[in-house]
2 protein chains.
Amino acid sequence: MENTVTIKDVAARAGVSVGTASRVLSGSTSTSAASREQVRAAAAELGYRPDARARALRSARSHAVALLVSDVRNPFFADIAHGAEQAALASSYVTLLANANEDTVQQDTYLEAFLTQRVDGIIIAPQGEGSGNLRDIEQARLPLVFVDRTVEGFDVPSVTADNAQGVDLALAHLASQGHTRIGFIGGPMAVSTGRARHDAFLRSVARHGLDDDPELIAAGDFRSASGGTAAARLLAARRPPTALLAADSLMAVGALGEVRRQGLRIGRDLALVAFDDIEWFGELDPPITVVAHSARELGETAMRLLLEVIEGRPAESVVLPMELVVRQSSACRQATGEQPSVLLTPGPRPGTA
Amino acid sequence: MENTVTIKDVAARAGVSVGTASRVLSGSTSTSAASREQVRAAAAELGYRPDARARALRSARSHAVALLVSDVRNPFFADIAHGAEQAALASSYVTLLANANEDTVQQDTYLEAFLTQRVDGIIIAPQGEGSGNLRDIEQARLPLVFVDRTVEGFDVPSVTADNAQGVDLALAHLASQGHTRIGFIGGPMAVSTGRARHDAFLRSVARHGLDDDPELIAAGDFRSASGGTAAARLLAARRPPTALLAADSLMAVGALGEVRRQGLRIGRDLALVAFDDIEWFGELDPPITVVAHSARELGETAMRLLLEVIEGRPAESVVLPMELVVRQSSACRQATGEQPSVLLTPGPRPGTA
DNA sequence: TTGTAAGCGTTATCAT
DNA sequence: ATGATAACGCTTACAA
């Protein structure tokens, strides 16, 4: 069973020693044209495929990196994964993609697996506080990069979004439309982006002189169902909001459903702005206004950083700017007598890839 | 750098031989309570983590399986991945998830990687015809399972959906609403599901006595942009359709956008039914009618099959039934004077998990 | 029950 | 330039 052709077989067939065969196959030191040809031919004829495990065992480099996302089913992370994977492939690294499923235990399970698999490095969108395994990784000096989220107390390069800017962009936009009561569907406080967006919301509300009402804040868990629940709670407030800001796309979708069930229509009765642009949002009816950054770029950058760390070069954290993409979901104005101050962009996201 | 604690260190610290240490750690043959305790303690104190590669090299079992999906960014495949991953974890297998990105070349790149990594088995949603690497895998008798899609000429267990049934369910539903001109947004003919759904469409159109017009068929590539293009083409027909059936969810989304851009409204001016249920579809306005099967179950079943093959037990292919979930996107009836014959289910999918 | 040693497929070292 | 041989970290006969 399986491919049991080893380098020994190749060497034998080529009439050289395994040493020479190895040298030819891994293209390292000098070899004669003759043996090069013989070995190549033998390898091809036999369908030889080197054993990555044996190779890694001996040479302490597996050329495999791991990417642990918090939820593969979240298009945002799927895009990150895609970007990272492509970048890895370009440098001929294999990516082992795994899914923590927003669960600390599963996160640890996979970290453990990566540790025992001796991958060359790990990119993670971490959950909660630093788990034991995360500490072990740092202590073992195994190359590690945070993407999208961070954990306090870790001195690890990261690629994140400028969350404060994103929130402010969203609120400035809504404020300019005359909204003063804006409901916030936040993420879990155990996640850095959840905290950052929550804090930024409070600051931004103050800065723009909007209503500062605890009833306008509801927390979710970055999954769609919680977005619906949160929206319901916000809409049931004594003085309900006229606009909603959702801290991620999945919760925005949940909110969408709840709003519809209440017989309201987004973009007419209620404005909605979501974090994270995903392919879909421009296609919906109405298209959804977002504050976003390219998830793909996030993933690519994270992988670039990781490969730098692996090769021993210094890597610096990157904070990507966020961008406001105005679509029709935030088209409804509150009565204040002003003229519209922004240009409506219908359909898919313009310009930026 | 890295965790360089080996079983030798553990053995030394525990005051036993490596043999004994190994036996304790992998819990195989009989060991004395004394040494068990010593070894356990030593391992814990040293933070010992076995090297999976060395272990696999020696024992010809890596406990790692690979899952190659055609597009991670497609929620349908993300769900499959999630299901498969959970099932693997339950049997303490690690899943290496990779993304072919609907690209034959990338598919081959990853298959090559899996081959050299010596995974214990592979689940794949294959592209196009059997590539060279796919043949190699079959010949090497490396455990292989197809999920969602198949490739002709391969004698490999598979888990697929009953596509013909799905199409027929959709058309029967639309026909009962009085529609006779139904536009089909198909998938690529190079993919088995694309072919199956296309053929089923033709048969089903005949069976229900619907308009058989070549202008009512447009092909896409299972990505959202192509859904928009296809919808545009269909709507530009001399006699445009009154209902649309999209062969996957991504293309349905693209169609959604195109329909909106044409100033039409789904569920009022045009009916829409999509293949593959995804969390979102029940939350949209209007909620989308689908023919679906549980992607998660598809993934779980595929992994179950794979593990069976790996353990040497015989595995039989599974065809999962599809189910029609009627929502408001197909609520608009064509004038035929009949009464509605189906119950409208608003909101998220009922019953089935 | 335990220690010793061979071997998994490679690469790296050291002669030649 | 090439051939022998040790070594990577582990499991598993085979003895004891």
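What you see is a predicted model, and the numbers here were worked out from it, not measured in a lab. A, B, ... follow the sequence lines: proteins, then strands. Residue 1 opens every chain.
The residue A:Ser22 sits close to a base: some heavy atom pair falls under 4.0 Å. Residue contacts for B:Thr31: at a heavy-atom cut-off of 4.0 Å it reaches the sugar-phosphate backbone alone, with no base atom in range.
To the nearest angstrom, P of D:dT11 lies 6 Å from OH of B:Tyr48. Distance CG (A:Leu25) to P (D:dT2): 14 Å, rounded to an integer number of Å. Residue B:Gln38 contributes atom CD, which lies 11 Å from atom P of C:dG3 at whole-angstrom precision. Nucleotide D:dG9 holds its C1' atom 20 Å from the CZ atom of B:Arg61, rounded to whole Å. Remark: C1' of C:dT11 and CZ of A:Arg53 are 16 Å apart, rounded to the nearest angstrom. In this entry the distance linking CZ of B:Arg55 with C1' of D:dC10 reads 8 Å, nearest Å. C:dT10 atom P lies 17 Å from atom NE2 of A:His63, rounded to whole Å. Note: CG (B:Leu57) to C1' (C:dA6) measures 14 Å, nearest angstrom.
Between B:Ser59 and C:dC8 there is no side-chain polar atom (N or O) within less than 4.0 angstrom of OP1 or OP2. Within the 4.0 Å cut-off from OP1 or OP2 of D:dG3, at least one side-chain nitrogen or oxygen of A:Ser17 is found. Of the side-chain N and O atoms in B:Thr6, none sit less than 4.0 angstrom from OP1 or OP2 of D:dC8.
A salt bridge is absent between A:Glu37 and A:Arg40; no separation between the charged side-chain nitrogens and carboxylate oxygens falls under 4.0 Å. A salt bridge links A:Arg304 and A:Glu308; the closest N-O separation between the charged side-chain nitrogens and carboxylate oxygens is under 4.0 Å.
Closest-nucleotide positions on DNA chain C for B:Ser32 and B:Ala54 were compared, and the one nearer the 5' end corresponds to B:Ser32. Between A:Ala21 and A:Arg58, it is A:Ala21 whose nearest contact on DNA chain D lies nearer the 5' terminus.
Looking at residues two or more places apart in sequence or on another chain, you find a salt bridge (charged side-chain N to carboxylate O under 4.0 Å, His left out) between B:Glu112 and A:Arg49.
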Open item on the list: Set out, in order, the CA-CA distance, both residues' side-chain angles and the distance that settles side chain to side chain donor-acceptor pair (under 3.5 Å) for B:Ser62 and B:Arg118, then state yes or no.
Closed with: CA-CA 7 Å; B:Ser62 67; B:Arg118 303 291 195 269; over 6 Å; no
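The base of D:dG3 is paired with the side chain of A:Arg23 by a donor and an acceptor separated by under 3.5 Å.
Side chains of B:Gln127 and B:Gln106: a donor-acceptor N/O pair is absent below 3.5 angstrom, by distance only.
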